[in-house]
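Worth saying up front: this structure is predicted, and the values here are computed from it rather than measured.
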Amino acid sequence: MKRLTASSFARRLFKSNSDHPHSQGSNESMEKPPVITADSFDSKSPKENRENTGSYDAVNIIHNHDFSEGMHLWRANCCSAFVVPAGSGSHKGIAEDVGCSYAVVTDRKECWQGLEQDITSRVSAGCVYTISACVGVSGAFHGSTEVQATLRLVYQNSETSYLFISRKSVMEEGWQILEGSFSLSTMPNQAIFYLEGPSPGSDLLIKSVKITCPSFTDYESSRPTSSCTDDEKIIVNANFDDSLYSWSGRGCKVVCHDSMADANINPTSGKYFASATDRTQSWNGIQQDITGRVKRKQAYEMTAVVRLRGHNVTNADVRGTLWVQAADNREQYIGIAKAQVTDKDWVQLQGKFLLNDSPSKAVIFLEGPPPGTDILLNSLVVNRAAKPPPPSPPVPENAVFGVNIITNTHLNSGTNGWFPLGDCTMSVKSGSPHIIPPMARDSLGAHERLSGRYIAVTNRTQTWMGPAQVITDKVKLCLTYQVSAWVRVGRASGPQNVSVALGVDDEWVNGGQVEVSDDQWHEIGGSFRIEKQAAKVMVYVQGPASGVDLMVAGLHIFPVDRRARFNHLKRQIEKIRKRDVILKFSGSDSGCLLGTTVRVRQKQNSFPFGSCICRTNIDNEEFNDFFVKNFNWAVFGNELKWYSTEAQQGNFNYRDADELLNFCYKNNIQVRGHCIFWEVESTVQAWIHSLNKNDLMTAVQNRLSGLLTRYKGKFKHYDVNNEMMHGSYYQDRLGKEIWANMFKKAHELDPSAILFVNDYHVEDGCDTRSSPEKYIEHILDLQDQGAPIGGIGIQGHIDSPVGPIVCSALDKLSILGLPIWFTEVDVSSKNEHVRADDLEVILREAFAHPAVEGVILWGFWELFMSREDAHLVNAEGELNEAGKRYLAVKQEWLSHAHGHTDDQGQFSFRGYHGSYEVEVVIASKKITKTFVVDKGDDALVISIDI
């Protein structure tokens, strides 16, 4: 078949456009597309544009879609292209179309060669786009040939992937419509749409291309790019009064309803609600672009009213999420809120968010339920978050510290005051210990003898059966209660878990757990606090397997006196964190030094206090200022974890970690490496799950060598394998020796780093899997295998801490002779004063224990912590009561002294370890020197030449 040639007019047009960078297959970069204005579209209002289906006239994101501007913004990929203008005739086999221009893609030597356009700035992740292209073919082929629509996606590390959209079998007789759709789960650095496919030597003809998305409407084209004022609405059409105007589906379809008669679902407010349907992924949902409508460093609150509808799913988590893209194409997903939602009632989903930087794009959406489940949305509103009123410190009336609230603890009146929970049998017997358990004795400061009687519980048919008491009227709100008892079990096939539990209305509260064998009495210790009024509070002892007898003696529950404990700790701190110092002055005027005024000021305590930080945090200047002033160590939240640095196999991302590390070095902040591996299965990325044993071993070795070679000497500590007490993913697949081998290889690659074990609930008595005894056994086992363990990490995610319980764990662990660090401390309470008290307990217990060598907080800024109500600084930078307490305690641990030199020209004081500045004035001349007080038992003599 003879190749089609263009008319002379078309050739003249092609020549006249030859200086355009996108003609003739130019390899130059695409210029920025023209800005779309409201004038580009129909002048009708959105309501006039809306059809009965509730949709709007969607904007075509393909510019110059009908080639009326020649080849402007189009590019031929390794071939040639020109435009046949309207009215200039037609090609052989193509019906004459006098009124339309079309493009001819020619000189094609490969089937993939075609015509393309860069659409990066006009697409968003999660949106569903529909394509409709009018195409034809002409050339050396018989019968039909295929035309295909494709996306070329280029990512940060230059990796390129191709997304097939659709293909159409085309004959030479005339024009055909190629239709399809696509959606992007994440945004690439570059997205190129192109048409390809006919056999080599054939020409591809294109008359028009249209790509649309429901969210690209008249409103989107005219939306202002600057931030709105605080009084303007951030969410447009929040109640669906204008149907789906400004809403779209994120990878799914959205529909507007006034009711669902078949399911008896009606809006709870307003006239309409929307459904996100045809969901095939958990992240599919309904979304709205809010770019330009939110400001950086301002806190916002989202409130949504949601419900489910789906087959076989009656309840699921629904999450509110914000997707943001920075100017450098860095993407971030911010979790705003999560709630358990059902198909029975409308539920309110509420949460807060804050942006540290100004994004180039911001999209808010709902996600979460399993595929096939519809998300129903009645309304969604985003407003500036209101500042709550200042809290008052709770003052429980008639609080008597140290007084047991359990009735008939000594069982002098049989089982009076007790009742069996469940269908079991209780009786009183003798033979239990006569002394109060050690942790309670340390709190009470007394040595009351117990009666030696205990409750024996038999005929237990459920694990929760045991002795119980109702203590509703005896528990006071916001007081921390310590729990203590002796427990034992009857004959059993192995160790049994025993716990003290509280039923607070419909909630279960952990009061302490211990693993018990059948041959001895064990101490159980724990704590709890109730912060909202309950109609009923019941305490009970439970846990052993059904059929195993349970024995309980001397159950004590009493409010703890923290101030008395703090006075004890101050004496301990005085011994272990301070040193006697003698400043010995000398110089040409030393004979005149008697009575000279000396002022000593400590600039920094040498004890490490650090915090978790994340990459997005350092875009906030106020965050940086507080962090650098008040911490001298850091740990990264997620940026160093394997699932962050290698989310896809072989696709490495160290950018965030590098930027955080540079920030810390610039500000003289030491850094812990968290973590090389994480043993809990749910934290392991998908591609690792797909590996066989040999490939998994190779991946583990590559992770070690890649990370530790890259950062050799830069991280002072490494958490080698996080939470081995709570997971065994790598051990189950690679054998027991893998844990020790991870430590050995890490030490070999970076001998300067101290290698830590790291786990949670070690210090609070509420988890038998990670009790101090089991942690010690775990560490000794690793050491027996040659693991070079250099430190013990206690995470410190703790509720209602009690000093003697924390101290007991530290005492037990200290027998290993290894430094102990609190690595991830956070305490949570809605009341800032209670939170401050809890934080002070941990800080003082850590600082007063000789085995503890550092404390790292798991964050301090609101909305950037893993637990709610744990922050020290509110979202917009205001210090709360917990933050004030932190600074006050740190200030307390700085030494200052002033006085006069003695007749030997010396000045003595006792001060905390750290860096100091001393100032003396001689003959109206002020002299300032610096010195360091390090650890030591003897007095430190420092000679200062003045």
Side-chain angles (χ1 to χ4, degrees), residues 1 3-4 25 58 60-67 71 73-81 83-84 91-95 97 100-120 122-123 127-154 160-185 188 190-213 249 251-253 278 280-281:
M1 184 175 293
R3 174 173 292 193
L4 178 71
N60 187 3
I61 67 172
I62 292 292
H63 294 166
N64 186 25
H65 72 285
D66 57 1
F67 304 98
M71 290 296 297
L73 295 178
W74 289 97
R75 176 182 179 275
N77 186 8
C78 299
C79 54
S80 300
V83 172
V84 177
H91 293 282
K92 181 181 177 181
I94 296 294
D97 194 342
C100 297
S101 302
Y102 60 91
V104 178
V105 186
T106 188
D107 297 333
R108 299 178 59 257
K109 298 177 177 59
E110 302 287 345
C111 64
W112 50 264
Q113 294 173 349
L115 199 63
E116 65 183 33
Q117 185 174 131
D118 190 325
I119 60 172
T120 310
R122 289 163 263 155
V123 291
C127 292
V128 177
Y129 295 89
T130 301
I131 169 183
S132 176
C134 185
V135 297
V137 291
S138 179
F141 63 91
H142 298 285
S144 64
T145 186
E146 289 187 334
V147 176
Q148 178 172 309
T150 308
L151 276 181
R152 183 168 72 251
L153 307 173
V154 183
T160 300
S161 65
Y162 296 88
L163 177 63
F164 166 77
I165 300 174
S166 182
R167 65 170 58 95
K168 180 77 173 181
S169 181
V170 180
M171 309 262 315
E172 199 174 18
E173 284 77 11
W175 297 104
Q176 299 286 328
I177 301 299
L178 170 66
E179 295 180 315
S181 63
F182 67 88
S183 178
L184 302 176
S185 59
Q190 193 175 37
I192 309 292
F193 169 81
Y194 64 100
L195 293 167
E196 58 173 336
S199 304
S202 304
D203 292 347
L204 170 61
L205 313 179
I206 309 168
K207 185 159 65 171
S208 66
V209 181
K210 186 176 183 180
I211 299 179
T212 59
C213 175
C252 62
K253 179 182 178 182
D278 294 346
T280 59
Q281 304 289 334

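Between the NZ atom in Lys168 and the CG atom in Leu195 there is a gap of 14.0 Å [rounded to 0.5 Å]. To the nearest 0.5 angstrom, Ile165 atom CD1 is 11.5 Å from Arg167 atom CZ.
Under the 4.5 Å side-chain criterion, counting only non-hydrogen atoms from C-beta, Cys252 is not in contact with Thr280. In this structure, Val135 and Lys207 have side chains that are not in contact, with every pair of non-hydrogen atoms separated by 4.5 Å or more. In this structure the side chain of Tyr129 never reaches within 4.5 angstrom of the side chain of Thr212, judged on heavy atoms. Within the 4.5 Å cutoff, the side chain of Lys210 has no heavy atoms near those of the His65 side chain. Using a 4.5 Å heavy-atom cutoff, the side chains of Ile62 and Ile119 are in contact. No side-chain heavy atom of Gln117 sits less than 4.5 Å from a side-chain heavy atom of Ile192. A heavy-atom distance below 4.5 Å is not found between the side chains of Asp203 and Pro198. Contact annotation: the side chain of Lys109 never approaches that of Pro200 to less than 4.5 Å [non-hydrogen atoms, C-beta and beyond].
Phe193 meets the ring pair (Phe, Tyr, Trp, His ring centres under 6.0 Å) test with no other residue; sequence neighbours excluded. With sequence neighbours excluded, no residue forms a salt bridge (Lys or Arg N to Asp or Glu O under 4.0 Å) with Glu179. Legend: residues meeting side chain to side chain donor-acceptor pair (under 3.5 Å) with Asn64, ordered by chain and number and at least two apart, are absent. Residues satisfying the side-chain contact (heavy atoms from CB on, under 4.5 Å) criterion with Glu196, sequence neighbours excluded, are Trp112, Gln148, Thr150, Tyr194. In this structure Leu163 satisfies the side-chain contact (heavy atoms from CB on, under 4.5 Å) test together with Leu151, Leu153, Phe182, Leu184, sequence neighbours excluded. Qualifying side chain to side chain donor-acceptor pair (under 3.5 Å) partners for Ser169, counting only residues two or more places apart in sequence or in other chains: Ser144.
Remark: the Asp66 side chain and the Ser208 side chain contain no N/O donor-acceptor pair separated by less than 3.5 Å.
Here the shortest heavy-atom pairing between Cys79 and Gly114 reads SG-O, 3.7 Å.
Although no hydrogens or angles enter the test, the distance criterion places no donor-acceptor pair under 3.5 Å between the side chain of Arg75 and the main chain of Glu116.
Here the rule is side chain to side chain contact (heavy atoms under 4.5 Å, CB included) with Ile206, and of Val83, Val104, Val147, Leu115 only Leu115 fits it.
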Run the numbers on Ser132 and Ile177 for side-chain contact (heavy atoms from CB on, under 4.5 Å), then give the verdict.
CA-CA 7 Å; Ser132 176; Ile177 301 299; 3.6 Å; yes

